[in-house]
Amino acid sequence: LADNKVNIILFGPPGAGKGTQADNIVQNFNLYKVSTGDLLRNEIKNDTKLSNKIKSIIENGSLVPDDIINSLIAKILSDKKFYNRLIFDGYPRNLSQAKNLNLLLKQFNQKVSCVLCLNVDKESVSKRILGRQICSNCGLIFNKYFKLATNKNHTCDPKFLSKRSDDNEKTIKNRFQTYQDMTLPILDFYKNQDLLYQINGMAKIDDIYEEIRGIIASIET
Ligand code: AMP
């Protein structure tokens, strides 16, 4: 595994391929994926007192409150194992989370190394989201149309493949709106810090990954 020490943000609309590319990155680099969506879905499975609240927000396609997200992230950043080795997938989702991330990273003597923005048009993200399957056992992401689970790329029983409850037409509409209203404004914040890389997210999964790999390898650490 390549030993680059970086903290990367994968940015883009729902269904852009952030999770898929994060999975590709961790296969080749000694880095860890942090998907706040996965952390929240775990929180729901664990049936904590917050579960019902989180569940209904996710199913509505809105954002879970910042304090919940910030404490999930603070826990990770305080762990030495993850020092300068994080790939954020689906976080930060608004300007206040982005500012909080900078504060936390500073506190733990780190910074954001780069922000990789996956650009995909609206029709394509809908199709990707509607075809998405996740493995409830290993967490890997597949797609009925673009990336079938086979016995080469997936070792779990196919019975674990499932659709996310928020991957339906109605929620997708709200998720996209939330992205445009709350998340997209973060881009300027990172552009002003000279951290932004624009990537054509419409290309093939492997070609997108090659571009990402090159960027990560080129970052001075
Ligand atoms: P994702 O798996 O990234 O598509 O996230 C699924 C859902 O989890 C989102 O639609 C939000 O409701 C919630 N969520 C994930 N990450 C965040 C975050 N950083 N801030 C607020 N809500 C989030």
Side-chain angles (χ1 to χ4, degrees), residues 7-23 25-26 32-46 48 50-77 86-105 112 115-118 120 122 124-136 138-143 147 161-187 189-190 201:
N7 293 313
I8 299 164
I9 294 174
L10 289 174
F11 192 91
K18 304 183 291 292
T20 298
Q21 294 301 339
D23 290 343
I25 295 168
V26 299
Y32 298 90
K33 162 172 150 176
V34 179
S35 155
T36 43
D38 284 350
L39 293 172
L40 292 169
R41 282 182 287 276
N42 267 339
E43 205 65 34
I44 294 175
K45 267 196 225 152
N46 293 340
T48 61
L50 276 177
S51 297
N52 284 339
K53 184 179 170 187
I54 295 174
K55 196 166 181 231
S56 68
I57 295 172
I58 289 182
E59 253 143 51
N60 180 45
S62 319
L63 293 185
V64 170
D66 290 342
D67 56 334
I68 296 179
I69 303 294
N70 291 342
S71 69
L72 289 171
I73 294 292
K75 219 187 279 169
I76 289 164
L77 289 181
L86 294 172
I87 308 162
F88 295 105
D89 157 16
Y91 169 85
R93 275 301 223 276
N94 60 30
L95 200 52
S96 135
Q97 289 181 14
K99 288 183 176 166
N100 188 257
L101 175 61
N102 273 5
L103 281 177
L104 280 172
L105 283 171
V112 173
V115 178
L116 308 179
C117 178
L118 297 172
V120 186
K122 215 169 161 174
S124 305
V125 293
S126 291
K127 183 151 189 220
R128 289 182 187 182
I129 289 174
L130 292 173
R132 172 157 57 194
Q133 297 175 312
I134 53 174
C135 176
S136 58
C138 70
L140 282 179
I141 306 159
F142 300 96
N143 196 293
K147 191 189 175 187
L161 293 174
S162 58
K163 216 175 138 67
R164 276 170 46 176
S165 62
D166 58 341
D167 283 349
N168 62 71
E169 300 266 11
K170 182 164 175 282
T171 312
I172 291 171
K173 246 179 142 184
N174 288 344
R175 282 159 70 193
F176 210 82
Q177 196 62 46
T178 304
Y179 172 75
Q180 285 194 313
D181 297 345
M182 313 298 292
T183 311
L184 207 48
I186 305 178
L187 272 191
F189 178 72
Y190 289 119

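For this chain, numbers begin at 1 and follow the sequence in order. For the numbers below, each heavy atom of this structure counts, side chains included, while hydrogens, waters and symmetry mates do not. Counting starts at 1 for both ligands and their atoms, in listed order.
- To the nearest 0.5 Å, atoms OH (Tyr91) and CD1 (Ile69) are separated by 8.5 Å.
- The heavy atom nearest to atom 10 (O) of ligand 1, considering only Lys18, Lys55, Arg93, is found in Arg93.
- Other residues, nucleotides and ligands contribute more than 12 heavy atoms inside 6.0 Å of the NZ atom of Lys163.
- Within the 4.0 Å heavy-atom criterion, the part of Ser62 lying near ligand 1 is the backbone and not the side chain.
- Selection from Ile141, Asp66, Ile57, Leu40 by nearest heavy atom to atom 23 (C) of ligand 1 gives Leu40.
- Contact annotation: for Asp166 versus ligand 1, heavy atoms closer than 4.0 Å belong to the side chain alone.
- Separating the CZ atom in Arg132 from the CG atom in Asp166 is a distance of 7.0 Å, to the nearest 0.5 Å.
- In terms of protein heavy atoms, atom 4 (O) of ligand 1 is closest to Arg164 NH2, 2.9 Å.
- For the residue pair Leu187 and Cys117, the shortest heavy atom distance occurs at CD1-SG, 4.2 Å.
- No side-chain donor-acceptor contact under 3.5 Å links Asn46 to the backbone of Thr48.
- Distances below 4.0 Å separate heavy atoms of Gly37 from the following atoms of ligand 1: 2 (O), 5 (O), 15 (C), 16 (N).
- Side-chain contact between Phe11 and Leu184 is present, with at least one heavy-atom pair separated by less than 4.5 Å.
- At a 4.0 Å heavy-atom cut-off, ligand 1 touches Ile69 through the side chain alone.
- The single protein non-hydrogen atom nearest to atom 16 (N) of ligand 1 is Thr36 OG1, 2.7 Å, given as residue, atom name and distance.
- Of all atoms in ligand 1, listed by their number and element, those nearer than 4.0 Å to a heavy atom of Arg175 are 4 (O), 10 (O).
- Using 4.0 Å as the threshold, Arg41 has a heavy atom nearer than that to some atom of ligand 1.
- Heavy-atom neighbours of Lys147 NZ from other residues, nucleotides or ligands within 6.0 Å: above the threshold of 12.
- The distance from ligand 1 to the heavy atoms of Tyr91 drops below 4.0 Å at these ligand atoms: 19 (N).
- For atom 22 (N) of ligand 1, the closest non-hydrogen atom on the protein side is Val64 N, 3.1 Å.
- Put simply, CG on Leu101 and CG on Leu86 are 9.0 Å apart, with the number rounded to the nearest 0.5 Å.
- Of all protein heavy atoms, the one closest to atom 20 (N) of ligand 1 is Gln97 NE2, 2.9 Å.
- Nearest heavy atom pair, residue Gly90 against residue Thr36, reads O-OG1, 3.1 Å.
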